[in-house]
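Please read the structure below before turning to the comments.
Predicted model, so just to flag it, every value in this text is computed and none were measured. Chain letters run A, B, ... following the sequence lines, proteins first and then strands; every chain starts at 1.
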Amino acid sequence: MKCRKCSAKAVINMRQHKLALCKSHYLDWIPEQTQRFIDKYKMFTHDDNILVAVSGGKDSLALWDILVRLGYRTAGLYIGLGIDGGISYSDESQRLAKKFAQSCNLHLISVGFPEEYGSTIPEIAKLTMRGRGKPCSVCGMSRRHIMNRVAREEEFDVLVTGHNLDDEAAVLFGNTINWQGGYLLRQQPVLEANHPGLVKKAKPLCRFYEREMAAYTILRDIEYVYDECPYSVGAKSIYYKELLNKLETDRPGAKLNFYLSFLRAKKEGLFSSSTDQKPMELNTCNNCGQPTSVPGECAFCRMLVSIAD
Amino acid sequence: MAVRLILRRNEYEIKAGMTLRDALQKIDVQPEAVLATRAGEMITDDEILRDGETIKLIEVISGG
């Protein structure tokens, strides 16, 4: 197969776009498209200070690399979760996040959960009822809390995450089969800072397939954590991704169409406030000042109190 | 001789002469879920697999 632009040997074929590209044109195409999405969804501008949530995985490192190539002012945020799982998962993730930052001379902010809160995420999960023994729920909530906190404290204009289209489509699929109206209303490429204490969030990779991000990191020679989080075995999100990939194999473009037609339908009012599913009302946490869905203290602060008892 | 496909700790032997896409189908791996490299270079799934070569498959799905 040949590159559409230069007839050199293609390294990737994106069937949903009917587009095959060589290494050189692919590595140009990804930042060009990212810039298009940043502009289209009004994510941020070159005047903004951007905090990139970096896990050491392919998506977040690719995102940071792309934003740097596009000339944005960025810093990275790594959150150490203290997950070992027999493969030193968190240590390896941190090593690779640091390695990337150092090789590009970029500023990486590191927050260690065990150092800051006295316990690892799996240890905390064992002490709480949240997640029924699996740490994923505690982990997700804690990471969201810390990302927002650091972005506020360090006065970043926007927090960006490496969610790709497969991530978004899997979440959309899960929320659709359960008719989670509130979550469907909130799922979008940009979440505005529409409450005191909340930082604007954006997902610049939300229209790229996961396979394209893996290809980008490999072709850019960026070393990333290949091993999965030990706790992700059997995760629903992975199951949904497999189902969607089966559909994609038979019908190229199905995933992209699922996500884009959802965004279009929402824009056209399918999920308008006239339906009975209204956006979640937000309150301010009495303790940390971050937004919370319930009055009083936020779930994160309540969790810290409960494990201290 | 055959073609060796390696996916994490799993190894598969496939007859040479078929496309990568057909080979993936044969070993029940979704083409959307992997990238393939030959001698370190990424290849597209229309490539014909050659006798004696080793193709490394890289899983691209993550989550949790």
* Using a cut-off of under 4.5 Å for heavy-atom pairs, which of Met213(A), Lys236(A), Lys241(A) has the most such pairs with chain B? -> Lys241(A)

* Please check if the side chain of Asn13(A) supplies one atom and the backbone of Thr44(B) the other of a donor-acceptor pair under 3.5 Å. => no

* Just wondering, are more than 12 heavy atoms of other shown residues or ligands nearer than 6.0 Å to CZ in Arg251(A)? -> no

* Asked: Looking only at atom types and distance, does a side-chain atom of Gln30(B) sit under 3.5 Å from a main-chain N or O of Thr249(A), one as donor and one as acceptor?
  -> no

* Could you give the distance from CZ (Arg15(A)) to CD (Glu32(B)), rounded to the nearest 0.5 Å? -> 6.5 Å

* More than 12 heavy atoms of other residues, nucleotides or ligands under 6.0 Å from CD of Glu59(B): is that the case? -> yes

* Asked: Is the CG atom of Asn178(A) crowded by more than 12 outside heavy atoms at less than 6.0 Å?
  -> yes

* Asked: In terms of heavy-atom proximity below 4.5 Å to chain B, should Tyr224(A) be classed as side chain, backbone, both, or neither?
  -> side chain

* Would you say Tyr226(A)'s side chain and Ile58(B)'s backbone share a donor-acceptor pair under 3.5 angstrom? -> no

* Side-chain (Lys58(A)) to main-chain (Val60(B)) donor-acceptor, under 3.5 angstrom -> yes

* Atom CE in Met1(A), atom CD1 in Ile43(B): separation rounded to 0.5 Å? -> 11.0 Å

* Enter the distance from Met42(B):CE to Ile218(A):CD1 here, rounded to the nearest 0.5 Å. => 6.0 Å

* Contacting region of Asn245(A) [heavy-atom separation from chain B under 4.5 Å] -> both

* Just how far is it from atom CD1 of Ile61(B) to atom CG of Asn164(A), taken to the nearest 0.5 Å? -> 8.0 Å

* To do: For atom CD of Glu92(A), decide whether the heavy atoms of other residues, nucleotides or ligands shown that lie under 6.0 angstrom number more than 12.
  => yes

* Should Asp227(A) and Arg8(B) count as an ion pair when the cut-off is N to O under 4.0 Å? -> yes

* Indicate yes or no: does Lys9(A) engage Glu47(B) in a salt bridge with an N to O separation below 4.0 Å. => yes

* Find the one option among Cys229(A), Ala215(A), Ala170(A), Pro252(A) whose heavy-atom pairs under 4.5 Å with chain B are most numerous. => Ala215(A)

* Pick from Asp167(A), Leu244(A), Leu219(A) with the largest number of heavy-atom pairs that fall under 4.5 Å of chain B -> Leu219(A)

* Check whether any side-chain heavy atom of Ser62(B) lies under 4.5 Å from a side-chain heavy atom of Asp59(A), and answer yes or no. => yes

